[in-house]
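What follows is a single structure, written as structure tokens, with notes after it.
Not measured: the values here are computed from a predicted model.
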Amino acid sequence: MQLRDFLPKIVNGDILGTFQKLDAIESSLEKKEEEMEQLRMDCEHFRARLETAQADCMREKKEKLELRQQLNEAKQQLLQQAEYCTEMGAAVCTLLWGVSSNEEAVKSILGGSKAVKFFTITAQTMESFVKSLSEDMKQQDLDSEENQFVLALAGIVTNVAALACGREFLVSSSRELLDTMMHLLGDMKPGLCNKFKVLMLMSLYNVSINLKGLKYISESPGFIPLLWWLLNDPDSEVCLHALRLLQSVLLEPEVLARAGAEVRETLPFQRIVALAQSRHAELQALAKELLEDLKVIEYEA
């Protein structure tokens, strides 16, 4: 009788608990299914984004390849244009170098509206040429278009400075060029580009014939040490023209009065004595002449 009374209650409670658990499991399963569906949708979304990104990447790679090809073509064209400009510059300036030995031609050049611009570009071209020389370069190719171009420019400056009107023009309107040449002479290693050095020294010597030019050159910072540096160059022609420039300074009283103390204190006397024994006849004669000038200057001092 007791079992008959209590069994339904117990069984109904177990069934009710089971149904409650089942409902909870079904709810959890539905939630998991919803989460799985969301994950599936997210996966599809990311897959679509991945495919889009891959397509964009492929397109960018193709564009980069095309741009690289265009860049290489542009570099090649630029190189060809640079070679053409160098060849044309070398040819034109070589011709102008020859023409500039004529006084009337020089006057015509200096009277033109582009004279100042020409000498500014000349200074920039010289500087660019020297910067392009590699550190370990032992000898410059004398037959290269670049070398011929810069030699022709230096030769034009030398010829212009050989005339009184040219010297006056350079001192008055192209001091940047004079500064550049002095700077480059100090930058280039001994024994390198000797012909270029000689032409620049000849230009400075020609300018020094003009008193205003001599004052400007001699008052430039580092000018006296530059001369001593050039006197130690292994090339006899460089030494010869450095001595000529030094002689211009020593023989001008007004300039010597200002630079005399520095010259006397730092003069590489033994080097000049050694040059006076050089096998290069012209260099030997000039060095001996300079030693005599120094004796006179010391006596007068």
Side-chain angles (χ1 to χ4, degrees), residues 123 126 130 151 154-164 166-168 170-171 174-276 278 280 282-294 296-297:
M126 288 178 171
V130 173
L151 285 180
I156 293 167
V157 177
T158 302
N159 284 348
V160 169
L163 298 174
R167 291 190 286 273
E168 184 62 32
L170 292 174
V171 175
S174 296
R175 292 188 174 185
E176 179 187 350
L177 175 58
L178 302 179
D179 293 338
T180 298
M181 289 192 293
M182 288 186 282
H183 175 72
L184 297 181
L185 284 168
D187 273 359
M188 287 189 288
K189 292 181 178 180
L192 184 65
C193 299
N194 295 323
K195 190 171 182 180
F196 182 41
K197 285 181 181 177
V198 167
L199 286 169
M200 288 194 291
L201 281 168
M202 290 174 67
S203 298
L204 293 174
Y205 172 77
N206 287 344
V207 170
S208 74
I209 297 173
N210 180 298
L211 180 57
K212 187 165 61 174
L214 180 57
K215 286 181 179 179
Y216 181 78
I217 293 172
S218 63
E219 291 172 3
S220 297
F223 173 70
I224 299 300
L226 172 63
L227 289 179
W228 305 161
W229 162 259
L230 292 169
L231 286 177
N232 284 291
D233 197 280
D235 185 79
S236 56
E237 286 293 320
V238 172
C239 293
L240 173 65
H241 291 282
L243 280 179
R244 283 180 174 168
L245 192 51
L246 173 60
Q247 194 174 41
S248 286
V249 174
L250 297 179
L251 296 183
E252 178 52 53
E254 187 176 344
V255 175
L256 182 62
R258 188 197 61 80
E262 184 181 4
V263 171
R264 293 187 187 93
E265 291 171 5
T266 62
L267 180 72
F269 186 77
Q270 293 303 320
R271 175 58 178 167
I272 298 176
V273 171
L275 293 176
S278 170
H280 189 291
E282 194 174 358
L283 176 58
Q284 179 188 110
L286 182 58
K288 288 180 177 179
E289 184 179 333
L290 191 60
L291 289 173
E292 292 298 321
D293 293 337
L294 289 170
V296 173
I297 292 171

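Considering only residues two or more places apart in sequence or on other chains, D233 meets the salt bridge (Lys or Arg N to Asp or Glu O under 4.0 Å) condition with K197. Legend: residues meeting side-chain contact (heavy atoms from CB on, under 4.5 Å) with A276, ordered by chain and number and at least two apart, are A287, K288, L291. Partners of R244 by side-chain contact (heavy atoms from CB on, under 4.5 Å), not counting sequence neighbours, listed by chain and number: Y205, L240, H241, E282, L286. Partners of T180 according to the side-chain contact (heavy atoms from CB on, under 4.5 Å) rule, which considers only residues two or more places apart in sequence or in another chain, are A123, E127, E176, L184. Listed by chain and number, the residues in a side-chain hydrogen bond (donor to acceptor under 3.5 Å, both in side chains) with W229 amount to none (sequence neighbours excluded). For P225, the side-chain contact (heavy atoms from CB on, under 4.5 Å) partners are E262, not counting sequence neighbours. By the side-chain hydrogen bond (donor to acceptor under 3.5 Å, both in side chains) test, E168 is found to be paired with S172, N210, K212, residues two or more places apart in sequence or in another chain being considered. Judged as a side-chain hydrogen bond (donor to acceptor under 3.5 Å, both in side chains), and not counting sequence neighbours, N206 has no contacts. For N232, the side-chain hydrogen bond (donor to acceptor under 3.5 Å, both in side chains) criterion is met by no residue, not counting sequence neighbours.
Between E237 and K195, the closest side-chain pair of non-hydrogen atoms is not below 4.5 Å. Counting heavy atoms from C-beta outward, V207 and Y216 have side chains that stay 4.5 Å or more apart. You'll find the side chain of L177 reaches within 4.5 Å of the side chain of M126, heavy atoms only. Between M182 and I217, some side-chain heavy-atom pair lies under the 4.5 Å cut-off. Inter-residue side-chain proximity for L275 and L290 is flagged as unmet; no heavy-atom pair is nearer than 4.5 Å.
Taking both residues in full, the closest heavy atoms of D235 and V238 are given as OD2-N, 3.1 Å, listed atom of the first, atom of the second, then distance. Of all heavy-atom pairs spanning A242 and L231, the tightest one is CB-CD2, 3.9 Å. Contact detail for L170 and A161: the closest heavy-atom pair is CD1-CB, 3.8 Å. Minimum interatomic distance between S278 and L283 (heavy atoms only, all atoms of both residues): OG-CD2, 3.8 Å.
Here the straight-line distance linking atom CG of L178 with atom OG of S203 works out to 9.0 Å at 0.5 Å rounding. A distance of 6.5 Å separates CG of L185 from CG of L204, quoted to the nearest 0.5 Å.
The stretch residues 174-200 participates, sequence neighbours left out, in these ring-ring contact (aromatic ring centres under 6.0 Å, His included) pairs: F129-F196. The side chain to side chain donor-acceptor pair (under 3.5 Å) pairs that include a residue from residues 246-257 are S208-S248, K215-E254, Q247-E289, Q247-D293, where partners are two or more places apart or lie in different chains.
Checking side-chain atoms of R258 against main-chain N and O of S218 turns up a donor-acceptor pair under 3.5 Å. The backbone N or O of A162 lies less than 3.5 Å from a partner atom in the side chain of R167, making a donor-acceptor pair.
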